[in-house]
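Take a look at the structure below.
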Amino acid sequence: MARTAPEALEREKHRKADGLRELPGDTSQVVLRFAPNPNGPLTLGHSRGVVINSEYAKMYDGKVVLRFDDTDTRVKPPLPDAYGWIEDEYEWLAGRPADVIVRASERMPIYLEHAEQMITEGFGYVCRCSADEFRGFREDKQNCPCRGRSVTESLSDWKSMNDGKMQDGEGVVRVKTDMTLPNPALRDWPALRIQHTPHPLAGDRYKVWPLLDFQSAIEDHEQGVTHIVRGKDLMDSTRKQTLLYEHFRWEYPEPLYWGRVKVHEFGSFSTSGMRTTIESGSHEGWGDLRLPTLKALRRRGFSAQALRDFWIDLGLSQKDISISMQTIEAFNSSLIDSSVERRSFVASPITLELRGANEQRVNVPRHPNGTIPGSREWELTGSILIQASDAGQRKVRLKEFADIETSGDVATIESFDRSDERPIIHWIPTGIARKAELVTPAGEGLVTQTGVLEDFELVVGETYQLERVGFARLEELSKDGLAKLVWLHG
RNA sequence: GCUCGUGUAGUGUAGUUCGGUCCAUCAUGACGGACUCUCGAUCCGUCGACCCGGGUUCAAAUCCCGGCACGAGCACCA
């Protein structure tokens, strides 16, 4: 070892470490959590959370809690279908289901109990100031009048809130911290508010709903979460929740943060924003090829492992980053290229009569490097199809077959062996050409290329590399014979 | 305004804890070449960075001070 590669023994820090950095704190029984809002399916952004959490769980033989933070019924109302989608998408990406699945909306009694305990023990109170009024107190570092009221008065208001006697905005439960704290965000922060809007799943049973910081804090403790990986925009959440944990005399989990991610090709995207474009009809649905949803990425044929490799390679940095789909595509290509069969797709085909063929059959490799053994067998009939864009050239080589010379709509074979440097084009014998269309995102729109696909052992759901075109996934073989392909990447 | 965080090649990233082994890692990208019956894959090469200014030190990407830039929170959203 020292003899063959002496330099490998030194320069430890000179090499890029692979895998995720070690987790801080006690790692003997790691419990992590991934907590999306089920107001839509998972996006590329969410996939970072799934990958990082599930990867850490794998590293430490720990668990991941998949928690649906669905306590807002008004601004970001949950989408009932999204729960199932997300569970499924989590499993696809992580390679196994989440260890525990929790819906906040089903855990309301626990949150309400803790809120009541908070009021009873005096570290929480019902505040009846308007949001505006309280903002003033917060800025001036003044206690609001509600803060000094007795526990009995607060409890009576708490009851009214829950009984539906107070309307939205008329009262809020606050956690007592300190109004003179230097960070304004932490001053007596709101923990629960009134929402009369019914919850899609829980109905109108509850009038008081916890806010994220409270619900998340209580549930993390209930689940024994040891490490929280979250966006750095939630740093103040950590600080708020730490103050709450002190009141309850609980120990706060180890927090880790990542920065914001933007993808060049998609810009900034939000689930609620996409929901709007879908409802308005400018996108076809959550699986629209142009959308950065996991549904769309899966539909196109991205490999879950490629997404995992990509996020693990990025690791956890608090820098705000802007990445390119090209990088993700590079991870995907290197993963699938050797295991994906080739097929010929001829767009805008023109028919040529073939002369000089003395063979009946052509064998084309399933994979040029032989990583998939065997060949595709093509029956030769009297004519072939080539791409209109290739038809301008007189002398071309039909890939894996013969050099030809074209004249009008006749192609004459000149040689079966490669005789010169003429361009190589892809082609299909008419007999095995199946009508096909390839849908590709193009800027704001979608472009459908019509053509023919080589009809050899086509399997719906498979990803193929279309020779000289790129990767695409076969989505459907209709009864009328049409093959529908969706674009993956080049 | 207050509070918090981040600044390494075009894009990401390693190294920053405990200063030297860093004329700074790796990937992606761009460019050039080799090979190949795909515009794919593979191989080789080239390009390109420590935000700025001081300080400490024999020695600073790494420590200290001061700037600057960018981002986030201060929602009865998550």
Side-chain angles (χ1 to χ4, degrees), chain A residues 10-18 21 35-39 68-78 104 127 129-132 134-135 138-139 141 168-174 181-187 189-195 208-213 215-216 230-240 257 259-261 264 270-272 309-310 313-315 317-324 326-331 333-334 337-338 340 342 344 364-365 367-369 371 397-403 417-418 421-426 465-471 490:
Chain A
E10 44 200 48
R11 298 196 167 195
E12 262 310 309
K13 61 198 262 199
H14 218 148
R15 274 197 303 266
K16 174 162 179 175
D18 50 333
R21 194 176 280 125
N37 180 339
N39 61 341
F68 293 103
D69 283 347
D70 57 349
T71 59
D72 176 65
T73 62
R74 214 181 74 243
V75 184
K76 295 180 178 173
C127 172
C129 301
S130 71
D132 266 350
F134 192 83
R135 185 174 305 121
R138 180 170 49 226
E139 281 165 9
K141 302 187 179 178
D168 287 25
E170 287 181 357
V172 57
V173 178
R174 294 188 179 283
L181 250 21
N183 186 343
L186 311 184
R187 297 173 194 157
W189 54 273
L192 301 98
R193 80 317 208 171
I194 302 168
Q195 287 186 141
V208 180
W209 287 84
L211 286 147
L212 171 81
D213 289 321
Q215 176 270 125
S216 167
R230 54 165 48 139
K232 69 171 183 179
D233 52 315
L234 261 30
M235 277 182 164
D236 282 346
S237 261
T238 299
R239 299 182 184 105
K240 289 185 208 172
Y257 305 96
R260 262 192 108 66
V261 181
H264 297 323
S270 70
T271 305
S272 26
D309 289 352
F310 170 74
D313 184 69
L314 283 202
S317 95
Q318 292 189 24
K319 252 164 84 175
D320 296 319
I321 56 172
S322 188
I323 51 149
S324 163
Q326 271 190 40
T327 309
I328 300 178
E329 289 167 3
F331 274 91
S333 293
S334 66
D337 183 79
S338 62
V340 158
R342 270 53 177 172
S344 191
V364 187
H367 190 287
N369 301 354
T371 51
R397 178 168 180 81
L398 301 178
K399 189 166 156 42
E400 303 287 351
F401 181 49
D403 290 351
D417 290 325
R418 183 125 207 233
E421 292 295 295
R422 67 183 72 191
I424 295 163
I425 65 167
H426 60 298
Q465 194 202 71
L466 307 177
E467 283 166 334
R468 292 178 69 217
V469 178
F471 294 97

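It should be emphasised that the depicted structure is a prediction, and the values quoted were computed from it without experimental measurement. Chain letters run A, B, ... following the sequence lines, proteins first, then strands; residues in each count from 1. Keep in mind that the numbers below use all heavy atoms, side chains included, and drop hydrogens, waters and symmetry copies.
Side-chain contact between Tyr257(A) and Thr238(A) is present, with heavy atoms from C-beta onward closer than 4.5 Å. Side-chain contact check for Ser216(A) versus Arg230(A): some heavy-atom pair is nearer than 4.5 Å.
Regarding Arg342(A), its CZ atom lies at a distance of 12 Å from the P atom of C39(B), rounded to whole Å. Phe401(A) has its CZ atom 18 Å from the C1' atom of U38(B), to the nearest Å. Between the CD atom of Gln215(A) and the C1' atom of C76(B) there is a distance of 16 Å, rounded to whole Å. Rounded to an integer number of Å, the gap from Phe471(A) CZ to C39(B) P is 14 Å. One atom, CZ of Arg260(A), and another, C1' of A78(B), lie 12 Å apart when rounded to the nearest Å. The nearest whole Å value for the distance from the CG atom in Leu314(A) to the P atom in U28(B) is 13 Å.
Looking at heavy-atom distances under 4.0 Å, Gly169(A) makes contact with a base. Within the nucleic acid shown, Thr71(A) comes within 4.0 Å of sugar-phosphate atoms alone, with no base atom in reach, counting heavy atoms only. In this structure, Pro368(A) reaches the bases: a heavy-atom distance under 4.0 Å links it to at least one base atom across the strands shown. In this structure, Asn37(A) reaches the sugar-phosphate backbone alone: every heavy-atom distance under 4.0 Å involves primed, P, OP1 or OP2 atoms, never a base. As judged by a 4.0 angstrom heavy-atom cut-off over every strand, Arg21(A) is placed among residues touching the sugar-phosphate backbone only. At the heavy-atom level, Ile321(A) lies under 4.0 Å from the strands shown only through sugar-phosphate atoms. Counting non-hydrogen atoms under 4.0 angstrom, Ile194(A) reaches nothing in the nucleic acid. Counting non-hydrogen atoms under 4.0 angstrom, Ser317(A) reaches the backbone sugars and phosphates but no base. Contacts of Ser130(A) with the nucleic acid, taken as non-hydrogen atoms under 4.0 Å apart, include base atoms.
The closest donor-acceptor contact from the side chain of Arg187(A) to the backbone of Lys141(A) lies at 3.5 Å or more, if one exists at all.
Evaluation of atom-type donor-acceptor distances gives a pair under 3.5 Å for the side chain of Lys76(A) against the base of C77(B). Between the side chain of Asp313(A) and the base of G12(B), no donor-acceptor pair of N or O atoms lies under 3.5 Å. Residue side chain Arg397(A) reaches the base of C37(B) through a donor-acceptor N/O pair under 3.5 Å, judged by distance alone.
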Practice task
Could you encode protein contacts along nucleotides 2-7 of chain B as a string, one character per nucleotide from 5' to 3', using B for base contact, S for sugar-phosphate-only contact and - for no contact, with a heavy-atom cut-off of under 4.0 Å?
Solution key: BSSSSS
Handout entry: Letter per nucleotide, 5' to 3', of nucleotides 29-36 of chain B [B base touched, S only sugar-phosphate touched, - untouched; heavy atoms, 4.0 Å]
Key = S-------
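A salt bridge links Arg342(A) with Asp337(A): at least one charged nitrogen is closer than 4.0 Å to a carboxylate oxygen.
With no hydrogens or angles considered, a side-chain donor-acceptor pair links Gln195(A) and Thr73(A) at under 3.5 Å.
If Ala35(A) and Asp417(A) are placed on RNA chain B by their nearest nucleotide, the residue sitting closer to the 5' end is Asp417(A).
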Practice task
Before giving the answer on side chain to side chain donor-acceptor pair (under 3.5 Å), spell out for Asp72(A) and Asn37(A) the whole-Å C-alpha distance, their side-chain angles and the decisive distance to 0.1 Å.
Solution key: CA-CA 9 Å; Asp72(A) 176 65; Asn37(A) 180 339; 5.8 Å; no
